[in-house]
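Input: a single structure, listed below in structure tokens.
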Number of protein chains: 2
Amino acid sequence: MAASGGAAASGGTAQRGQLSREKVLRAAVALADHSGLEAISMRKLAQALGVVPMALYKHVANKDELLAGLVDAVLAEIEPAQEGPDWVANVRRRILSARAVMLRHPWARRVMEAQAAPTPVVLAYMDSTIGMFLAGGLSVDLVHHVMHALGSRIFGFTQELYETDPASASELPPEAAAAMAAAFPGIVAVASSRPHDPDSVVGSGCDDQFEFEFGIDLMLAGVERLHRSGWRSADHDREAASVL
Amino acid sequence: MAASGGAAASGGTAQRGQLSREKVLRAAVALADHSGLEAISMRKLAQALGVVPMALYKHVANKDELLAGLVDAVLAEIEPAQEGPDWVANVRRRILSARAVMLRHPWARRVMEAQAAPTPVVLAYMDSTIGMFLAGGLSVDLVHHVMHALGSRIFGFTQELYETDPASASELPPEAAAAMAAAFPGIVAVASSRPHDPDSVVGSGCDDQFEFEFGIDLMLAGVERLHRSGWRSADHDREAASVL
DNA sequence: AAGCTAGGTGTACGGTGTACGCTTGTCAAT
DNA sequence: ATTGACAAGCGTACACCGTACACCTAGCTT
């Protein structure tokens, strides 16, 4: 009864090669793009594919593995490493490409943060990034520190703990705004400063692209100076005192 | 039957002031410290307190609010802002204090990352940090950029996407290590470089404290240089070309 | 004594990931 | 042509989660 009913009624088993790991991943990316990360549950994803939840498990081991697959899919959109004499420019361009991808898939950041271990694709990306530094002549030790210092910035995102509220600041009732300014004068002053091209900024938010570039340039410039000054794995005091 | 049995058998209702918001939060911190973040569910926390899950909801609005309370509790452990003529030293010390706290509560980073909005306690911490920069004479615009650039580093953590595997690298079978070295030569080279005091490093891990300080010092030194050179809200090219 | 209220209880619902076994279309070898 | 293996989708079931809602009761106020 149940069996024949299922087969006859659903018709879902008509074509066999319906699903595939790639289709599952593509659907998941689309779903996340469209409905946000919280929409990614095995059940909802299955529903979007017109299939029963457990069907997905034939193509992905479990949810974690699915998420890892999403990360890989996103990383594949980043433009490959460039060759060129200017390692700073190479790295900069790559990172900005990564950032563009992350802007297309805003949920990817949180997925990466939640992942326990890097996939081979992630490792390959890191490896090629490291290669760009090494090709620039940086010492292995310096590259080690740089990778730590840049952290997730190499993947094109910083850890925005709280999204810079788009226009919520200007939307609050005036008395709340006044209380805010009284309680946190520094935050209000700094948040309402909008030092760069006002035309590129909509609403009261700040220019995230500028801030991102400011951050990586600060880092890369510091690293370049360390490198030019022949920084070696000396102790940290030397770095702080003379070079910086 | 059920009612009298519950009242008589449990005895939990004997003293009334048993639970309190503070006790709930303290228990939650202890539970997370001891058993990790995934141990924090309303049910398990209630069990740890010898109480039924729903009892918690008299003291905490919901789980998100509980987690926000945890963040506040952790932030309260950070040493308060110092006064002093050297703003770099002030900030540095504060951040390193925050880092020490985060090392005591490793789960706190992930909780903060998952929070949607900052609590007043978080805002107060950020405000006082901003105040340290402003007291140092930095322009409001520069402080704006600096806060973005430092990001979550001001809370004492960087975004360790993948925990630097403690000794897992040396634990893998030799043939896997060889394959790894072949596939990702840069990573292997950089990861196995251990440029600083070998005595302070256990196993094959690297000195996280050094790396953290390296990162913030790189940032702070860059900022200090910008400040000393009279950086104003000019365009980004000027920064890149002349000052850095 | 009567009633209010704060705080702990019990039940129940809808959601999650996923283990396990069944069915069924497809193809290979007999 | 028949059989059998096999891949893939299905259904059920379980344990766990957060939490809405209706209780009950101790202790205080009036």
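Labels below follow one simple rule: chain letters A, B, ... track the order of the sequence lines, proteins then strands, and each chain is numbered from 1.
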Quiz item: Does B/H59 make a side-chain N or O approach to OP1 or OP2 of C/dG8 shorter than 4.0 Å?
Solution: yes
Practice problem: State whether the side chain of A/H144 and the backbone N or O of B/S193 hold a donor-acceptor pair below 3.5 Å, judged by distance alone. | Solution: yes
Quiz item: Looking only at side-chain N and O atoms, does A/K44 come under 4.0 Å of OP1 or OP2 in C/dT16?
Solution: yes
Practice problem: With DNA chain D as reference, determine whether B/K63 or B/M54 sits nearer its 5' end, using the nearest nucleotide of each. | Solution: B/K63
Self-check item: Nearest-Å distance for atom pair CG/C1', residues A/L45 and C/dG15
Solution: 16 Å
Exercise. Quickly work out the B/L19 CG to D/dT25 P distance and round it to whole Å.
Key: 20 Å
Quiz item: Which whole-number value in Å describes the distance from A/Y57 OH to C/dG21 C1'?
Solution: 16 Å
Quiz item: Could you state the CG-C1' distance from B/L56 to C/dG10, rounded to the nearest angstrom?
Solution: 15 Å
Quiz item: Looking only at atom types and distance, does a side-chain atom of A/S97 sit under 3.5 Å from a main-chain N or O of A/E79, one as donor and one as acceptor?
Solution: yes
Quiz item: NA contact type, A/V52, heavy-atom cut-off 4.0 Å: base, sugar-phosphate, or nothing?
Solution: base
Quiz item: How do A/A61 and A/E38 order along DNA chain C: which one's closest nucleotide is nearer the 5' end?
Solution: A/E38
Quiz item: Is the backbone N or O of A/L49 less than 3.5 Å from a side-chain atom of A/K23, with the two atoms forming a donor-acceptor pair by type?
Solution: no
Self-check item: Presence of donor-acceptor pair under 3.5 Å, side chain of A/R43 and base of C/dG15
Solution: no
Quiz item: When you measure from the side chain of B/S152 to the backbone N and O of B/F155, does any donor-acceptor pair fall under 3.5 Å?
Solution: no
Quiz item: Starting at CD of B/Q18 and ending at C1' of C/dT9, how long is that distance when rounded to a whole Å?
Solution: 15 Å
Quiz item: For the pair made of NZ in A/K23 and C1' in D/dA8, what is the distance, rounded to whole Å?
Solution: 13 Å
Self-check item: Check: B/A32 main-chain N/O paired with B/S35 side-chain donor or acceptor under 3.5 Å
Solution: no
Quiz item: Looking at C/dG8, does its base get a donor-acceptor pair with the side chain of B/K58 below 3.5 Å?
Solution: yes
Quiz item: What integer distance in Å separates A/I40:CD1 from C/dT18:P?
Solution: 14 Å
Quiz item: Expressed in angstrom and rounded to an integer, what is the separation of B/L66 atom CG from D/dG18 atom P?
Solution: 10 Å
